[in-house]
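Here's the structure we're looking at; comments come further down.
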Amino acid sequence: MTVFNELIKSVMDGEESKTIEFANLALQSRISAKEILNSGLIKAMNIVGEKFKEGELFVPDVLWAAQAMKAGIEVIRPFFGTGEVRSLAKVVIGTVSGDIHEIGKSLVAMMVEANGFDVIDLGVDVSAEKFVETVRKNDAKLCMMSALLTTTMPAMKKTIEALKASGLSGKVRTVVGGAPVTRKFAVDIGADGYSPDASGAVALAKSLISG
Ligand code: B1M
């Protein structure tokens with residue numbers, strides 16, 4: 001089996017220690033962190049998602065896989081730095097209220113941080129009030145929201161409205177993303193930006209800060 005197949009299998013089996021072992025092995029084989037992420041960890045989680053949808057895997061299996069994936073991300077995290085000068089622009093990020101999916105959000109947070117931003121990660125199930133309070137307290141320039149459930153997407157609209165109602169809309173730009181989120185939805189709810197993936201989110205953060 002190739003190192004990628006081993007890595008994918010270890011995530012799917014929820015074998016955290018094996019995921020760490022194979023992620024390290026891949027790095028030693030001079031495979032880039034980006035490739036390990038895309039062709040190993042994310043690929044595995046997509047297969048898990050499909051199997052979950054088909055009823056072949058259940059919530060605990062998905063949780064174990066998610067934990068293994070998180071462990072793999074920690075192994076490659078130090079290799080995501082770009083060496084750019086820190087912008088010092090503060091970014092508040094979180095998964096919106098009612099939603100506990102954290103991996104995609106953490107990935108975006110990690111990559112945005114690696115590109116020179118000061119990231120305040122509020123975690124998951126973050127209320128509109130918490131986003132507003134943190135943006136205000138830290139004079140954040142960007143508020144980034146993730147949602148993985150169609151049922152939690154309205155919480156993004158609620159947060160954007162809360163930012164506006166608090167008089168922060170001219171001071172902070174908003175970015176939304178996550179598997180069910182679309183560009184049209186982002187436009188409809190008045191977000192300043194949308195990205196389908198983590199690298200797009202980084203590019204967007206840079207352009208919104210400079211523009
Ligand atoms: Co859940 N889950 N889950 N889940 N889960 C999905 C999302 C689902 C698509 C599975 C399926 O049915 N195929 C489905 C949602 C259907 C829908 O609404 N459209 C679903 C469901 C239904 C549920 C529950 C309701 C299941 C239940 O209890 N019956 C429940 C809800 C809990 C809740 O939140 N209230 C639930 C629970 C869970 C677990 C807790 C078991 C676990 C999360 C554990 C954790 O995060 N610690 C889990 C997982 C792991 C998944 C899947 C399998 C994988 C998600 C993931 O981590 N992907 C997922 C199926 C799938 O996506 N294939 C599924 C890897 C990650 C790197 O990708 O998060 O998409 P992703 O992030 C990407 C992009 O979306 C983007 O960049 C990232 C990197 O490219 N992105 C952004 C994300 N945020 C961004 C923000 C940005 C920009 C880009 O800017 C701000």
Side-chain angles (χ1 to χ4, degrees), residues 8 11-12 14 16 19 33-74 76-77 80 91-115 117 119-127 131 135 140-156 159-160 172-183 185-186 189 191-208:
I8 290 168
V11 173
M12 290 177 62
E16 212 173 308
T19 302
K34 196 174 171 193
E35 213 182 333
I36 295 170
L37 180 67
N38 291 328
S39 310
L41 301 172
I42 291 184
K43 193 169 171 186
M45 198 49 87
N46 284 338
I47 302 172
V48 168
E50 282 307 307
K51 288 191 181 286
F52 179 58
K53 203 169 158 188
E54 306 295 316
E56 280 180 57
L57 291 178
F58 302 96
V59 171
D61 304 304
V62 180
L63 256 179
W64 288 322
Q67 266 157 17
M69 178 168 179
K70 265 178 77 179
I73 288 175
E74 285 311 312
I76 59 173
R77 180 192 282 274
F80 269 97
V91 176
V92 170
I93 189 168
T95 303
V96 295
S97 183
D99 198 324
I100 60 167
H101 292 88
E102 69 168 339
I103 297 173
K105 177 272 303 165
S106 298
L107 211 51
V108 173
M110 178 184 91
M111 289 183 60
V112 168
E113 189 174 27
N115 277 272
F117 291 86
V119 175
I120 301 165
D121 187 343
L122 295 176
V124 298
D125 191 14
V126 181
S127 66
F131 273 115
V135 164
K141 300 287 175 260
L142 273 182
C143 179
M144 305 185 86
M145 289 164 264
S146 177
L148 262 287
L149 299 170
T150 42
T151 49
T152 57
M153 286 163 62
M156 294 176 149
T159 306
I160 290 173
V172 66
R173 316 295 297 275
T174 51
V175 177
V176 293
V181 180
T182 61
R183 189 171 300 282
F185 175 78
I189 64 169
D192 295 304
Y194 155 77
S195 168
D197 54 40
S199 26
V202 171
L204 200 54
K206 286 181 180 171
S207 78
L208 285 171

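Quantities reported herein were computed from a predicted structural model and do not represent experimental measurements. Every number for a ligand or one of its atoms is a count from 1 in the order of the listing. Numbers here simply count residues along the sequence, with the first being 1.
Between L122 and F131, the shortest heavy-atom distance links the atoms CD1-CD2, 4.1 Å. Taking all atoms of both residues into account, the shortest heavy-atom contact from L142 to L208 is CD2-CD1, 3.9 Å.
Contact analysis leaves A65 out of contact with ligand 1, as no non-hydrogen atom separation drops below 4.0 angstrom. Within the structure, the closest approach of M69 to ligand 1 falls below 4.0 Å when heavy atoms are considered.
Screening T159, V92, D192, I189 for a side-chain contact (heavy atoms from CB on, under 4.5 Å) involving T174 leaves a single residue, D192. Evaluated for a side-chain contact (heavy atoms from CB on, under 4.5 Å) with K105, the options V96, D99, D121 yield exactly one hit, D121.
Annotation for ligand 1: atoms under 4.0 Å from non-hydrogen atoms of A66 are 44 (C). Set against the non-hydrogen atoms of V59, the atoms of ligand 1 under 4.0 Å away are 41 (C). Residue S195 has at least one heavy-atom neighbour below 4.0 Å for each of these atoms of ligand 1: 88 (C), 89 (C). If you number the atoms of ligand 1 from 1 as listed, the ones under 4.0 Å from a heavy atom of N46 come out as 63 (N). Close approach to G98 involves these atoms of ligand 1, each under 4.0 Å from a residue heavy atom: 33 (C), 34 (O), 35 (N). The ligand atoms of ligand 1 that sit less than 4.0 angstrom from a heavy atom of F52 are 10 (C), 11 (C), 26 (C). Each of the atoms 45 (C), 46 (O), 47 (N) of ligand 1 lies under 4.0 Å from some heavy atom of E102. In the vicinity of G49, heavy-atom distances shorter than 4.0 Å reach the ligand 1 atoms 13 (N), 53 (C), 60 (C), 63 (N).
By the 3.5 Å distance cut-off applied to N or O atoms, I42 is not counted among the residues near ligand 1. For K53, no nitrogen or oxygen atom sits less than 3.5 Å from a nitrogen or oxygen atom of ligand 1, counting backbone and side chain alike. Considering backbone and side-chain atoms alike, T150 places an N or O below 3.5 Å from some N or O of ligand 1. Annotation: D197 places no N or O atom under 3.5 Å from an N or O atom of ligand 1; distance criterion only. In terms of N/O distances under 3.5 Å, ligand 1 is approached by S146. Remark: ligand 1 and A179 share an N or O pair separated by less than 3.5 Å (distance only, no angle test).
A distance-only check finds a donor-acceptor pair linking the side chain of S207 to the backbone of L204 [under 3.5 Å]. Although no hydrogens or angles enter the test, the distance criterion places a donor-acceptor pair under 3.5 Å between the side chain of T95 and the main chain of H101. Side-chain atoms of D125 come within 3.5 Å of backbone N or O of G98 as a donor-acceptor pair. Listed for the S195 side chain is a donor-acceptor partner under 3.5 Å among the backbone atoms of A201.
Of all protein heavy atoms, the one lying nearest to atom 81 (N) of ligand 1 is G178 N, 3.6 Å. Of the protein's non-hydrogen atoms, the one nearest atom 37 (C) of ligand 1 is H101 NE2, 3.7 Å. Closest to atom 91 (C) of ligand 1 among all protein heavy atoms lies M145 O, 3.4 Å. M45 CG, 3.5 Å is the protein heavy atom nearest to atom 58 (N) of ligand 1. At the top of the distance list for atom 15 (C) of ligand 1, counting protein heavy atoms only, stands L149 CD2, 3.6 Å. The protein non-hydrogen atom at the shortest distance from atom 71 (P) of ligand 1 is G104 CA, 3.9 Å. At the shortest separation from atom 79 (C) of ligand 1 among protein heavy atoms lies L107 CD2, 3.7 Å. At the shortest separation from atom 70 (O) of ligand 1 among protein heavy atoms lies L148 CD1, 3.7 Å.
Which of A191, G55, P196, G94 comes nearest to atom 76 (C) of ligand 1 through a heavy atom is settled by distance: it is P196.
For Y194, no heavy-atom contact with ligand 1 is shorter than 4.0 Å. With a 4.0 Å cut-off on non-hydrogen atoms, I100 touches ligand 1 through its backbone as well as its side chain. Contacts of E50 with ligand 1, taken as heavy-atom pairs under 4.0 Å, are absent altogether. The part of V108 lying near ligand 1 is the side chain, judged by heavy-atom distances below 4.0 Å.
Residues M69 and I42 have side chains in contact (heavy-atom distance under 4.5 Å, counting atoms from C-beta outward).
Note that OG of S106 and CZ of R77 are 7.5 Å apart. Values are rounded to the nearest 0.5 Å. Between the CD1 atom in I103 and the CG atom in L41 there is a gap of 9.5 Å [rounded to 0.5 Å].
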